[in-house]
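Following: one structure in structure tokens, then a few remarks.
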Amino acid sequence: MAFIDLHGPLNLGATLLSGQTFRWSPEDGDDGWFRGIVFRNEIRLRQETGCIEFTCTPGPRERVAQIIQDYLRFDDDLTEIYSLLETDDRVKSSIDRYRGMRILRQDPWECLISFICSANNNIPRITRNVEDLASAFGSPILGGTSGNNAFPTAKQLADAGEKALRELGLGFRAKYVAAAAEMVSRAQIDLFSLREASYQEALDALIKLIGVGDKIANCVMLFSLNKLEAFPVDVWIDRALREWYFTPNLETVPRSRMRAWAQRRFGHYAGYANQYLFHDRRMAGQRG
DNA sequence: AGCCAGGCCCTCC
DNA sequence: GGAGGGCCTGGC
């Protein structure tokens, strides 16, 4: 058992279960534990007052503690970000609802493949696709839960090939996943290096990948490449903006121009505004 | 049963 | 350059 001190706000549940990532789930029982896999570590996390508690395998704990802090972006000053975004009344309302929800800093490779799988798909099936990729082609984690493998490397997916990916149930996305695996495993594109690139450079590089358009590229940039100005426009953001900003008789912005509109409006931390609006709108939809 | 899902590609205008 | 149709598969 180990602990990490909290400095800023944290809503662990909203952070892990708000659709940025697909490999976390609450454990059975009502004791607040979440189980997931981050960079070949199986990790259990629980939020307590002033700290988070964790267990991990294979460890060592000190290194995993660093991985967790990096993953949860504890270097982001949420108080500062909130103060900038709360000038917008609608974003402030969403922040008030889910205060402490953080953008994650994920493995760019896993993030890319996960969101390629998200195209014209539903979340239960996306989750299943990602889990199936891991159990079929990923490596077991030492001391980890049986079948709960690490996410497969680019080489592992390239070796699997399009046919096996399609047979796994990825559908038409199998071709895109296979192509991305080839590109990455042959070092035709270096995803981690895009953390040092500008927003526009990273965007240009990502959308060269077949099956990756503006929306998926913005997800990968926001959730794994440190581009907090990224603003993925999906159906939920489309609904949120139309209902909360463009009605009843305000300017109308077509889907193709929503990202630029939002980035100008919300500025450097547009991605945080995106995540709060997205999650709030999606939860509102499920509330009915 | 039939519509639709956290898009993207391709064609055609 | 952008509007419209098609796409694997399975959730609901």
Side-chain angles (χ1 to χ4, degrees), chain A residues 14-25 94 98 101 103-104 106 108 110-133 135-136 157 160-183 189 203-225 227 230-244 252-262 270-288:
Chain A
T15 299
L16 299 178
L17 304 178
S18 55
Q20 307 177 57
T21 176
F22 301 94
R23 297 208 69 191
W24 287 91
S25 53
S94 295
Y98 299 105
M101 179 170 64
I103 298 292
L104 294 170
Q106 303 178 47
E110 176 176 342
C111 189
L112 171 67
I113 297 304
S114 298
F115 281 95
I116 287 176
C117 290
S118 78
N120 197 29
N121 206 346
N122 55 64
I123 290 185
R125 186 173 167 220
I126 299 165
T127 304
R128 213 204 60 186
N129 288 155
V130 171
E131 285 306 321
D132 287 348
L133 284 172
S135 58
L157 290 190
E162 178 185 340
K163 183 167 181 291
L165 295 171
R166 188 172 273 265
E167 286 168 355
L168 198 66
L170 295 193
F172 63 84
R173 305 159 200 86
K175 180 167 76 172
Y176 305 150
V177 170
E182 287 291 331
M183 292 289 287
I189 180 173
L203 177 60
D204 291 342
L206 288 171
I207 63 177
K208 283 179 183 159
L209 296 170
I210 184 76
V212 179
D214 194 86
K215 188 272 177 182
I216 291 175
N218 273 269
C219 285
V220 175
M221 290 193 288
L222 179 57
F223 303 139
S224 74
L225 295 178
K227 305 296 182 280
F231 195 93
V233 177
D234 59 21
V235 294
W236 294 105
I237 284 292
D238 181 290
R239 286 172 192 153
L241 295 187
R242 280 192 287 104
E243 293 171 13
W244 293 341
T252 61
V253 178
R255 171 81 80 94
S256 58
R257 291 190 183 171
M258 281 184 180
R259 174 168 68 75
W261 178 91
Y272 263 99
N274 181 289
Q275 186 62 19
Y276 280 88
L277 293 173
F278 167 82
H279 190 56
D280 195 5
R281 182 60 187 80
R282 199 158 76 86
M283 293 300 104
Q286 290 179 0
R287 285 193 296 269

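We name chains A, B, ... by the order of the sequence lines, and we start the count at 1 in each one.
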Between [N] and [M], how many Å separate the two [atom1] atoms, rounded to a whole number?
N       : M       : atom1 : answer
dC8(C)  : dT11(B) : P     : 14 Å
dG4(C)  : dG6(B)  : P     : 23 Å
dG11(C) : dC8(B)  : P     : 23 Å
dC4(B)  : dG5(C)  : C1'   : 16 Å

How many angstroms lie between [atom1] in [X] and [atom2] in [Y], if you round to the nearest 0.5 Å?
X       : Y       : atom1 : atom2 : value
L133(A) : L168(A) : CG    : CG    : 5.5 Å
Q275(A) : T15(A)  : CD    : OG1   : 8.5 Å
K208(A) : M183(A) : NZ    : CE    : 9.0 Å
S18(A)  : L104(A) : OG    : CG    : 7.0 Å
D132(A) : L170(A) : CG    : CG    : 8.0 Å
M258(A) : R255(A) : CE    : CZ    : 7.0 Å

With sequence neighbours excluded, residues passing ring-ring contact (aromatic ring centres under 6.0 Å, His included) with Y272(A): none
Among D214(A), D238(A), D234(A), the one residue meeting salt bridge (Lys or Arg N to Asp or Glu O under 4.0 Å) with R259(A): D214(A)
Under the salt bridge (Lys or Arg N to Asp or Glu O under 4.0 Å) test, residues paired with R257(A) that sit two or more places apart: none
Minimum heavy-atom distance between P108(A) and V220(A), given as atom pair plus value: O-CG1, 4.3 Å
Side-chain (N274(A)) to main-chain (A230(A)) donor-acceptor, under 3.5 angstrom: no
Sugar-phosphate, base or nothing in reach of R255(A), heavy atoms under 4.0 Å: nothing
Sugar-phosphate only, base, or nothing, as touched by Y176(A) at under 4.0 Å among non-hydrogen atoms: sugar-phosphate
Flag side-chain contact, heavy atom, 4.5 Å: T21(A) against V130(A): no
Pairwise side-chain contact, N218(A) with L203(A), heavy-atom cut-off 4.5 Å (strictly under): yes
Footprint string (nucleotides 5-12 of chain C, 5' to 3'): B base within contact, S backbone only, - free, heavy atoms under 4.0 Å: --BBBBS-
Nucleotide interval of DNA chain B bounded by contacts with chain A (heavy-atom cut-off, under 4.0 Å): dA5(B) to dC9(B)
Selection: residues 204-221 of chain A, any non-hydrogen atom under 4.0 Å of DNA chain B: L209(A), I210(A), G211(A), V212(A), G213(A), D214(A), K215(A), I216(A), C219(A)
Watson-Crick or G-U stems of DNA chain C, 3 or more pairs, under 3.5 Å, by first number: B:2-5 with C:9-12, B:7-13 with C:1-7
